[in-house]
Asker: 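Quick one: the structure is below, and I'll ask about it shortly.
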Number of protein chains: 2
Amino acid sequence: MMEQKIDELLKKNHLSITGGRRKILELFLQQDGALSHSDIERRAGEKFDRVTVYRTLQTFLEKGLIHSIPTSDNSIRYALCKDDCSGGQHHDDHVHFICNACGTTVCLEGVTVPSIALPDGYVTEQVEMLISGVCKSCNH
Amino acid sequence: MMEQKIDELLKKNHLSITGGRRKILELFLQQDGALSHSDIERRAGEKFDRVTVYRTLQTFLEKGLIHSIPTSDNSIRYALCKDDCSGGQHHDDHVHFICNACGTTVCLEGVTVPSIALPDGYVTEQVEMLISGVCKSCNH
DNA sequence: ACCACAATTGCAACAGAGTTGCAATTATTA
DNA sequence: TAATAATTGCAACTCTGTTGCAATTGTGGT
Ligand SMILES: [Mn+2]
Ligand SMILES: [Mn+2]
Ligand SMILES: [Zn+2]
Ligand SMILES: [Zn+2]
């Protein structure tokens, strides 16, 4: 049962269980790809205020339930984290893929970001790798 | 003389020479790192309308004079392209670095983006690599 | 140097995205 | 079930980005 899974996820992250959080988490679990703020607003229907969506995403980010994916068109996407990202510590070192045909953004969990040697004096804290092209489904 | 260089750059890209374009190009040439829209608006002073800045950046992008850099905080930065990017064809395969301390974004021209093998069915068209951390100057 | 034409600009008006304070509602714990 | 703390919705606001249109400016040819 998905409902049970949702409540467990919220409890595990020390979040109180509310309708809005349940609904947004459900959207992520039903979904293969990443979601933008407006995706969520649209699919959550008229049931929740815009502000609640903003605050919920912010909370989920801080708790390490989701991570954000920067895109070239200035519209951040969000995707579920793996289990070991709790507590605000993210360990997502996978590549993100954006399809130029259908627009979907997915986490390529199997493709890890290679480590890069930077010039002297630069210290790496986080690496984002974003690949755009044509996705599996759009390649007929 | 910088003024001469600016006009040549505009002519080479088949753009008419106007005050706004001159000023914005000057900002990029005076600058080591990348600039956001609001950086430009601020530094260009009250001299130009917001809309002109948007349209000028758009034009520069299309002509291959500048390229855009996606960031995690939803604020696109822009940086000058190398000479071989004219005509809307970009050949920037370098890594971008954002300093968490001072906030500046720079093109690491010497660091090329490694090629990545994607799962079957995915076709790569463009790769963005964005590293955040502490930059050279902030590492005292 | 001037003119005609095309391109660029500023302005106004608008749409969308994101933020904040506050009061009402709801969840948690005892 | 009641007390307390957290979450939510609402209103108001700011900031960002877009569009149409008329005024201005740049360009190339005379
Ligand atoms: Mn991901
Ligand atoms: Mn660059
Ligand atoms: Zn696709
Ligand atoms: Zn720095």
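We name chains A, B, ... by the order of the sequence lines, and we start the count at 1 in each one.
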Asker: Whole angstrom is fine here: how far is it from NZ in A/Lys23 over to C1' in D/dG9?
Answerer: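 In whole Å, D/dG9 C1' and A/Lys23 NZ are 19 Å from each other.
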Asker: For the atom pair CD1 (A/Ile66) and CZ (A/Phe28), what is the distance rounded to the nearest 0.5 Å?
Answerer: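 Taking CD1 in A/Ile66 and CZ in A/Phe28, the distance rounds to 4.5 Å.
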Asker: Touch check for B/Lys11, heavy atoms < 4.0 angstrom, all strands: base, sugar-phosphate only, or nothing?
Answerer: nothing
Asker: Nearest whole angstrom, please: distance from the P of D/dT7 to the NE2 of A/His14.
Answerer: 13 Å
Asker: Measure the distance from CZ on B/Arg22 to P on C/dT8 and round it to the nearest whole Å.
Answerer: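 It works out to 15 Å between those atoms.
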Asker: What do you reckon, are the aromatic ring centroids of A/Tyr54 and A/His37 less than 6.0 Å apart?
Answerer: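 Yes, the ring centres sit under 6.0 Å apart.
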Asker: Counting N and O atoms only, with roles assigned by atom type, does the side chain of B/Arg21 sit under 3.5 Å from a partner on the main chain of B/Leu15, one being a donor and the other an acceptor?
Answerer: no
Asker: Is it true that a side-chain atom of A/Thr52 and a backbone atom of A/Phe48 form a donor plus acceptor pair closer than 3.5 Å?
Answerer: no
Asker: Calculate the interatomic distance between B/Phe60 atom CZ and C/dT8 atom P; express it in whole Å.
Answerer: 11 Å
Asker: Could you check how far CD of A/Gln58 sits from P of C/dT20, rounded to whole Å?
Answerer: 10 Å
Asker: What residue among A/Val134, A/Leu108, A/Asn139 forms side chain to side chain contact (heavy atoms under 4.5 Å, CB included) with B/Tyr122?
Answerer: A/Leu108
Asker: If the sugar-phosphate is the primed atoms plus P, OP1 and OP2 and the base is the rest, what is the B/S/- string for nucleotides 25-30 of chain D, using protein heavy atoms under 4.0 Å?
Answerer: -SS---
Asker: Rounded to the nearest angstrom, tell me the gap between atom CG in A/Leu57 and atom C1' in C/dT19.
Answerer: 15 Å
Asker: Mark up nucleotides 14-22 of chain D, 5' to 3', with B wherever a protein heavy atom is under 4.0 angstrom from a base atom, S wherever such an atom reaches only the sugar-phosphate, and - elsewhere.
Answerer: --SBBBB--
Asker: Are the side chain of A/Arg50 and the backbone N or O of A/Glu41 linked by a donor-acceptor pair below 3.5 Å?
Answerer: no
Asker: Rounded to the Å, how far apart are A/Asp49 CG and C/dT20 C1'?
Answerer: 13 Å
Asker: Could you state the interatomic distance from CG (B/Leu10) to OG1 (B/Thr18), rounded to the nearest 0.5 Å?
Answerer: 7.5 Å
Asker: Return the orientation label for the A/His67 and A/His94 ring planes: parallel under 30°, perpendicular over 60°, tilted otherwise.
Answerer: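 A/His67 vs A/His94 ring planes: perpendicular.
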